[in-house]
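Beneath this line is the structure, given in structure tokens, with notes to follow.
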Amino acid sequence: MLDLKFIRENADAVRKAVSDRALEVPLDELLELDARRRKIMVILEEKRARHKRGNKEIGELMRRGEDAAALREEMGRLSDEIRTLEAEEGEIGGKTREILIRIPNLPDASVPVGPDETYNREVRRWGEPRRFDFQPLPHWEVGEGLDILDFQRGVKIAESRFTLLKGKGALLERALINFMLDLHTREHGYTEVFPPILVNEESMFSTGQLPKLKDEMYACRDDELYLIPTAEVPVTNIYRGETLREEDLPIYYCAYTPCFRREAGSYGRDIRGLIRQHQFNKVEMVKFAHPDTSFDELEKLTNDAEDVLRRLGLPYRVVILSTGDLSFSAAKCYDLEVWLPSYGEYKEISSCSNFTDFQARRADIRFKPAGGGKSRLVHTLNGSGVAIGRTVAAILENYQREDGSVEVPEALRPYMHGLEEIAAE
RNA sequence: GGAGGGGUGGCAGAGCGGACGAUUGCGGUGGUCUUGAAAACCAUUGGCCGGCAACGGCUCGCGGGUUCGAAUCCCGCCCCCUCCGCCA
């Protein structure tokens, strides 16, 4: 959510930001509603002040045993007027808010401008895609050949886009979770948390998933709760409605959680394998940062995610998303894309974003300046560190051998009982 | 799920229709005293919105209602505690 005052004073900048994102927002209507509301507020506050004074006076008159009937009648009329104005103000305020909460964050000046992902720009590359002297298989064939991925039974148990991991496959998944958590907590300075996986509507609103992405989420039938699409939601909401101390910033958290996405509208895409599942595991990093340093924190966060791929020896590239591809709440976002031989291209495995004060305003997360003064909104950031399912896919594909076995990346071996390869049993 | 009790400022805890944006204690901040500190004493001290400011408004879990006037009365919801039931 943007600051209404900022929009009022920088309407053209907001208009440009929205159009750079290839979106439309009834900005003029918003400004007009806001102007009307402010006019009403002036009258309303004046009436309320008079009402308050009058009521105090009635109290004093009564205490002195004097007659307050006339004043009482006047205050009754004033009370009606206030009620009418309040109703009007409330209605306009509601409409204002409906528009306001649908306005996306302002892209940072360093973000390439363009209407869609073709304007994304590669920032850097790491590692060489391996040259195979045999025909490499897609990870679903590697996994089925080793009897560690069972797609059919996943579908039987739930529905399509759910997968059963088995034996070394389940172990690999667990090893990756532990490897990533250890890396971030022991070397990158993050504190591990394990949050609720079901969250309420307010939490979903705060990080910007609601109202826009309602169709993307699994909701509970009998409770006002949603399955999280990412740990970003519960972890960012740790401090919802709180005021932090400046000297405690930045705060780093990481969390392993399952994630659930309905993937509405992506019916034909990535239909095979682990790439696009309704349920997947992810290790997520979340930061609460000082506004002055949040963009530096984004660079560090991205590097922390890259470190996972480097240690696993998976070739990747870093892409900065264009204005048209940027998510609703983000001001700037780097995607990490891992090399997948079966796709013959790089595929998103992590998304690292700075949300500036956009989520903090929705969530009301502030910090108190150390030198005193008014509290300010923090900046929130998060990034996958990284998506587990896609990492499994990348390992199976990049580390496969001609005989169908898969070498275990060295960094992972301590997490897999020293296992050096996954071979058919 | 059932029965009781309760949600008030950073914390503890009063107030239960008008002088209450809220007694008091602790904590915080400034000061006196002190070589320094502690103690003691004095002063000050919630948050948000609008305003250069003076000032004004909102805020006693949340949302409605009654009333000239609600922290206080009524209704609905949420949360917490105790006991019972159920349960990993």
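Here is how names work: the chains are called A, B, and so on, in the same order as the sequence lines, proteins then strands, and each is numbered from 1. Only this structure's heavy atoms are used, side chains among them; waters, hydrogens and symmetry mates stay out.
If you measure from atom NZ of A:Lys47 to atom P of B:C58, you get 15 Å, rounded to the nearest angstrom. If you take CG of A:Leu61 and P of B:C68, they are 16 Å apart, rounded to a whole angstrom. Taking atom CG of A:Leu71 as the reference point, atom P of B:U67 lies 18 Å away to the nearest angstrom. Nucleotide B:G57 holds its P atom 10 Å from the CD atom of A:Glu46, rounded to whole Å. With rounding to whole Å, A:Asp67 atom CG is found 13 Å from B:C68 atom C1'. One atom, NZ of A:Lys56, and another, P of B:C20, lie 8 Å apart when rounded to the nearest Å. In this structure, A:Ile43 places its CD1 atom 15 Å from C1' of B:G56, rounding to the nearest Å. The distance from atom NZ of A:Lys374 to atom P of B:G46 is 14 Å, rounded to the nearest whole Å.
In this structure, B:U44 forms a base pair with B:G28, meeting either the Watson-Crick or the G-U wobble geometry with both donor-acceptor distances under 3.5 Å. Applying the Watson-Crick and G-U wobble criteria (two distances, each under 3.5 Å), B:G9 pairs with nothing in any strand. Look at B:G76: its Watson-Crick or wobble partner, with both distances under 3.5 angstrom, is B:C62.
A:Asn354 places a side-chain N or O within donor-acceptor distance of the main-chain N or O of A:Thr356, the cut-off being under 3.5 Å.
Nucleic acid contact class of A:Arg63 (heavy atoms, under 4.0 Å, all strands): base. Within the 4.0 angstrom heavy-atom criterion, no nucleotide atom of any strand lies near A:Thr243. Residue-level contact check: A:Met62 touches the bases, meaning some heavy atom is under 4.0 Å from a base atom.
The C1' atoms of B:C20 and B:A71 are separated by 9 Å, rounded to the nearest whole Å.
Look at A:Lys5 and you'll find a side-chain N or O under 4.0 angstrom from OP1 or OP2 of B:G51. In this model, the phosphate group of B:G69 is approached by a side-chain N or O of A:Ser79 to a distance below 4.0 Å at OP1 or OP2. Between A:Lys52 and the phosphate of B:C68, there is no side-chain N or O to OP1/OP2 separation shorter than 4.0 Å.
Separation of atoms CG (A:Leu27) and CD1 (A:Ile103) is listed at 5.5 Å; rounding is to 0.5 Å. The CG atom of A:Asn120 sits 7.5 Å away from the CD atom of A:Glu337 when rounded to the nearest 0.5 Å.
For the pair A:Arg362 and A:Phe205, the distance from NZ or CZ to the six-membered ring centre is under 6.0 Å and the angle to the ring normal is within 45 degrees.
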Working for side chain to side chain contact (heavy atoms under 4.5 Å, CB included), residues A:Ser203 and A:Arg240 = CA-CA 8 Å; A:Ser203 292; A:Arg240 166 153 52 84; 2.8 Å; yes

